[in-house]
There are 2 protein chains.
Amino acid sequence: MSKIADQWLRDILRTLYQRRDLTRSEIIQATGLNPASVSHALRYMLRAGAVVKVGDLQSSGGRKPEVLNLNGEAAYFVGVDLEGHRIRFGLASLIGDIRYRWEYDLEIGHPLDSDKLFEGIRKVLKYLDSRQMARVLAIGVSYPGLLDQQGRLTAVNLGWNKFPLVAELREKASKQLPVELPVFFESDRHSCVRAERWLGCGQQYNDGLYVISERGIGTGFFLEGRAVEGFRDMAGELGHCVIEPAAEDRCNCGKKGCLESIASSDNIVRQYLDKVGRPRFREKMTIHGVYERARRKDEAALAVLARAGKAWGLALSYVVNLLNPEIIILGGDLISGEDVLVPLIKEEIGRHALPELIGGLKIVVSGLGFDIRLKGACSLAFRKSIADPHLLKKMCLPVFAGPTREADRLDAVPSLP
Amino acid sequence: MSKIADQWLRDILRTLYQRRDLTRSEIIQATGLNPASVSHALRYMLRAGAVVKVGDLQSSGGRKPEVLNLNGEAAYFVGVDLEGHRIRFGLASLIGDIRYRWEYDLEIGHPLDSDKLFEGIRKVLKYLDSRQMARVLAIGVSYPGLLDQQGRLTAVNLGWNKFPLVAELREKASKQLPVELPVFFESDRHSCVRAERWLGCGQQYNDGLYVISERGIGTGFFLEGRAVEGFRDMAGELGHCVIEPAAEDRCNCGKKGCLESIASSDNIVRQYLDKVGRPRFREKMTIHGVYERARRKDEAALAVLARAGKAWGLALSYVVNLLNPEIIILGGDLISGEDVLVPLIKEEIGRHALPELIGGLKIVVSGLGFDIRLKGACSLAFRKSIADPHLLKKMCLPVFAGPTREADRLDAVPSLP
């Protein structure tokens, strides 16, 4: 019997992680591996329990094709999402679903403390028994802002200026956590795009982009299935494209007329409040309020969204013309604006992009919602784990061969915070 | 002695083709192959003559490092450039230089005839002796316009509407040419970007773009060293990004305010003639005339170039923000505008793109000039040839083992048309 190459295991694990519920022949087709290698590797993973049979397809004769999937209990990954006002922690199973979650609200003006990070990670690990704990493989962290070459993070929302995030987490992990785990880091832009591509609506597409609108605007591209990072890992600054050079709207970046200064959630709210003469209500109003007013045909809200829709559509028409994507996934606050903002965006893209490039283009809202970065962080941990020969081996060890403590497991009902 | 893998040969050939004059250790580093494989493959190629020693480096002691390069005589490629008013044909050596050239002016209103294409190819082959002819490996064709799935080309400048280019050339090649050659096709966008990346100023860069301005505007990207093609192979339509939505300038694509409608060479000339009240002089004036007048401080020329520079700069700032390139290579008529148009473009990119993304960015004019697509077409033929096991083998056959006809070779002095 020939040796099973790690690459076969990786390819099969990645394929099942991204697509779930596949027959043997679909796996062969998707991986491009030869049938004997796939059979050989699958036999090994089925025996260990990393892969399980979940059903049979109907067959017109002969053997019914078995449907296979990953076994969610074969490995666990911790995800940490540092973006926004609320830090999120999650424990994901090998099939990418979040099992335990914890959240921590940042206090404005108080920099985040790394102890709080370990507290959150411990919270999502605490329901695992020792057998499960042994199968937690890695921690993935999705960070906003800029991580420098020395692993120091600068991120406004966390109150961090060159905070030694990488060293802090890697050094303290062994002391602060019940199990020693490697920690991997990734910019939130890439987390989002990977989550959409691997677990969301980008699964069947090779060329696309994910756009997120919250306080700011972020974009991640994937071309031929791979994330685009750029020369200094800074590709995706759609928000700072100057869409109206003559505009007076000033952006955080210092320029005027950037997409973000006109069309981010915060700036839509700003314009609405200016229009109705209540600029001081900024703390009390959110984008959802503007959407709600637009639904009630409030003219100021409609006017502000019309301008934002035009800016979004023009900016996205550039992306369509330049990169010829197959799918554009709209996330963040664009999701809840699906009825009042997204149609304007689509119309404007149609007006400005080349017709030949719009033909097959799909424009959809993200289905992953607020979980997106958390899922992205867990996917990062998965991806790094299968790349590491030691962790890959661990993932394929017999799932139920270790000690089981049934008593512990009965306690393991999650009580959400 | 272990077998030499085709992949080693390919990697070494490609590396030397792109970078020329390398030491053994530079080849090892660039290919990522193990030293034994490189030594083994190099010994084989040096013996055959595909690779030659071109010198020694100084050494502070021990053996002097040998400098190696490809042998230009080991293979030849035919390139055909179908863009513009003048069809270009070239024969390139294995080191990518054009040895023989022929050009054919298109008559306006007369569709190009495929016989004319074979005539051009025969012209660049006619100076080869039989030994050389045996080492011509392939034909690369760089085409403008759109090639459909059935291999039919639609291209305005050639007067072709669904002309069966691929079938025509592949079928007739064996009858019309003195030697049977495979024919490969590639859109001119990709030819340009490959030529710059392999033989021009993009050699040391992984993330960049090539922009060409002639009658229209074309763009090609490479990210992580690979050309970006897009979902339907149509990425790179920078020219049709709507830069001034309120403008009255109508583009060939039917929209108003596209970059091309404001900043392509033809449209710069149009605006200049409108400004000076001579709209009918269009046939007699070129972009070079506008550049010349700007150099003499003609106000109308300066104003038109100022507007074009602004539009170019704004459009390129989008590319910088979105893709974080390391290099922007300006080609076509931008080359001769290096003194009067390019500074305006650079200034405007600086005004609109994010400062963090401008830091390491290089903006240069192309050094390949009018040869760019011809070189790209020859590079296509090279690339396809090394991918084909049979042609790869042919490239590595002993160079001087075949029959030589010295008499023929003496005649082989090129007389340029």
Q | A:L322 portion near chain B, given a 4.5 angstrom heavy-atom threshold | A | both
Q: Mind running side-chain contact (heavy atoms from CB on, under 4.5 Å) on B:V242 and A:N321 for me, showing each step along the way?
A: CA-CA 10 Å; B:V242 177; A:N321 279 358; over 6 Å; no
Q: Mark yes when over 12 heavy atoms from residues, nucleotides or ligands other than B:N252 sit less than 6.0 Å from its CG; otherwise mark no.
A: no
Q) What's the spacing between A:H240 NE2 and B:L357 CG if we round to 0.5 Å? A) 9.5 Å
Q) Is it the backbone or the side chain of A:R226 that comes under 4.5 Å from a heavy atom of chain B, or both, or neither? A) side chain
(Q) I'd like to check B:F221 versus A:L323 (side-chain heavy atoms, cut-off strictly below 4.5 Å). Are they in contact? (A) yes
(Q) Is A:A353 in contact with chain B via its backbone, its side chain, both, or neither, using a 4.5 Å heavy-atom distance? (A) backbone
Q. Relative to chain A, which segment of B:E356 carries a heavy atom at a distance below 4.5 Å: side chain, backbone, both, or neither?
A. both
Q: Find the distance between OH (A:Y318) and CG (B:L314) and round it off to the nearest 0.5 Å.
A: 6.5 Å
Q. Near B:R215 CZ, under 6.0 Å, is it more than 12 heavy atoms from other residues, nucleotides or ligands?
A. no
Q. Between atom CG of A:L354 and atom SG of B:C258, what is the distance when rounded to the nearest 0.5 Å?
A. 7.0 Å
Q: Using a cut-off of under 4.5 Å on heavy-atom pairs, state which of B:E224, B:K255, B:E229, B:K256 scores highest against chain A.
A: B:K255
Q.
As an exercise: rank A:I243, A:L238, A:D207 by heavy-atom pairs under 4.5 Å with chain B and give me the winner.
A. A:D207
Q) What residue in B:G360, B:A315, B:C253 has the most heavy-atom pairs under 4.5 Å with chain A? A) B:G360
Q: Under 4.5 Å, counting heavy-atom pairs only, tell me which of A:S317, A:G236, A:C241 racks up the most with chain B.
A: A:C241
Q | Residue B:K362 excluded, over 12 heavy atoms near NZ under 6.0 Å | A | yes
